[in-house]
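Sequence lines set the chain letters: A, B, ... in the order given, protein chains first and strands last, and positions in each chain run from 1.
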Number of protein chains: 2
Amino acid sequence: MRLSCISIFGYTYAMNIENLLKKKHIKVTTARVTLLKLLEAASKPVCYEEIKGNIAMDKATFYRNMITFEEAGILNAFESNSKMRYFELERTPHAHFVCTVCHGVECIESIDIQLPGYEIGTIVIHGRCRSCVEARA
Amino acid sequence: MRLSCISIFGYTYAMNIENLLKKKHIKVTTARVTLLKLLEAASKPVCYEEIKGNIAMDKATFYRNMITFEEAGILNAFESNSKMRYFELERTPHAHFVCTVCHGVECIESIDIQLPGYEIGTIVIHGRCRSCVEARA
DNA sequence: GTCTTAAATGCGACTGAGTTGCATAAGTAT
DNA sequence: ATACTTATGCAACTCAGTCGCATTTAAGAC
């Protein structure tokens with residue numbers, strides 16, 4: 001299985017998806033490579049609903065691999081207020097904004113939260129996004 | 001229906017649950033008064049699972065009233081990363097921390113997030129809480 | 001207090017994102 | 001190539017939360 005070179009958090013330039021998986025001791029399969037390519041192409045977190053039109057695999061395979069990737073530290077996941085789980089390749093820590101009107105998801109880099117004694121995993125902010133506020137939606 | 005005086009965000013001292021509901025044009029029922037008393041007594045957000053042992057009503061009634069209260073601006077709700085919905089009486093804006101180990105929920109008053117152009121509703125932070133970090137859990 | 005009407009409740013059936021069990025297929029090592 | 005382990009597809013399942021509907025309860029009129 002040969003792939004064009006990609007760049008995932010740390011594994012830059014010469015590292016491709018196949019090598020990333022091997023480095024993590026995860027078996028290289030067509031489904032996994034497809035998923036990582038899609039996650040890499042997406043500039044924001046995606047959920048199964050959004051991605052299912054672009055993948056042939058069963059949803060069980062999708063979710064099982066998300067768990068595998070999460071345990072390997074390859075991706076982060078969080079839940080929106082509508083019971084859906086969003087996935088994103090691991091990168092520099094940042095928060096996510098989920099719009100309660102249009103249900104869009106955005107990465108928010110501009111905030112820095114410190115909670116002494118706590119270990120922060122994910123930060124999810126809900127509200128009306130800029131577009132929906134402007135449109136008075 | 002007579003109740004001892006309580007104090008919910010703004011409706012202080014002389015205002016009881018019955019008057020709060022009347023002010024919001026919500027019919028005063030036993031279920032609603034029970035729920036508001038429990039939410040008032042709780043110092044942190046609660047979910048149906050936690051509260052169901054203390055209430056006699058059906059879960060449909062519980063959830064329908066949570067929606068009624070939310071729409072009336074009496075309470076706020078958010079979802080944890082385990083598909084459960086937590087409810088809390090509306091008060092000064094603050095974030096919530098949900099521990100991924102012990103699943104405990106805490107109110108976090110010490111952070112202040114500004115996102116120009118956005119309208120922030122709820123902020124949920126996931127991670128390991130102080131106790132679980134200390135216990136290396 | 002009783003009557004009337006609109007809304008709330010309880011029950012059971014349903015929903016839908018995500019999970020699980022199992023037989024089969026596909027990687028990986030020998 | 002062969003054996004062995006792990007991943008996949010399918011269908012059945014889970015479970016927090018929702019919905020439809022018959023019955024009960026609150027609130028205003030008399």
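Here C:dT9 presents its C1' atom at 10 Å from CZ of B:R32, a figure rounded to the nearest Å. Taking atom CZ of residue A:F62 and atom C1' of nucleotide C:dT20, one finds them 17 Å apart after rounding to whole Å. Nucleotide D:dT8 holds its C1' atom 14 Å from the CE atom of A:M66, rounded to whole Å. Here D:dT25 presents its C1' atom at 7 Å from NZ of B:K27, a figure rounded to the nearest Å. Per the geometry, NZ belonging to A:K52 stands 16 Å off P belonging to D:dG9, to the nearest Å. Across the protein-nucleic acid pair, A:H25 atom NE2 and D:dT5 atom P stand 18 Å apart, rounded to whole Å. With rounding to whole Å, A:E71 atom CD is found 14 Å from C:dT19 atom C1'. A straight line from CZ of A:F78 to P of C:dG18 spans 12 Å, rounded to a whole angstrom.
The line from CG of B:L89 to CG of B:L39 is 5.0 Å long, rounded to the nearest 0.5 Å. A distance of 11.5 Å separates CZ in A:F69 from NZ in A:K24, rounded to the nearest 0.5 Å.
Between A:Y48 and A:F62, the ring planes lie tilted relative to each other; the angle falls in the 30° to 60° range.
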Notebook entry, point to check: Which letters describe nucleotides 16-22 of chain D, given B = protein heavy atom under 4.0 Å from base, S = only from sugar-phosphate, - = neither?
Noted result: SBBBB--
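Under the 3.5 Å distance criterion, the side-chain polar atoms of B:S82 are left unmatched by any main-chain donor or acceptor of B:M84. Put simply, the side chain of A:E50 gets close to the backbone of A:C47: a donor and an acceptor are under 3.5 Å apart. Under the 3.5 Å distance criterion, the side-chain polar atoms of A:R128 are left unmatched by any main-chain donor or acceptor of A:V101. A side-chain donor-acceptor contact under 3.5 Å links A:N81 to the backbone of B:E79. No side-chain donor-acceptor contact under 3.5 Å links A:N65 to the backbone of A:T68.
Put simply, A:T29 has no side-chain N or O that comes within less than 4.0 Å of OP1 or OP2 on D:dA7.
There is no path of hydrophobic side-chain contacts, each under 4.5 Å, that joins B:F78 to B:V46.
For the helix from C:dG1-D:dC30 to C:dT30-D:dA1, the rotation axes defined at the first and last 5 base pairs enclose an angle of 40°, given to the nearest 10°.
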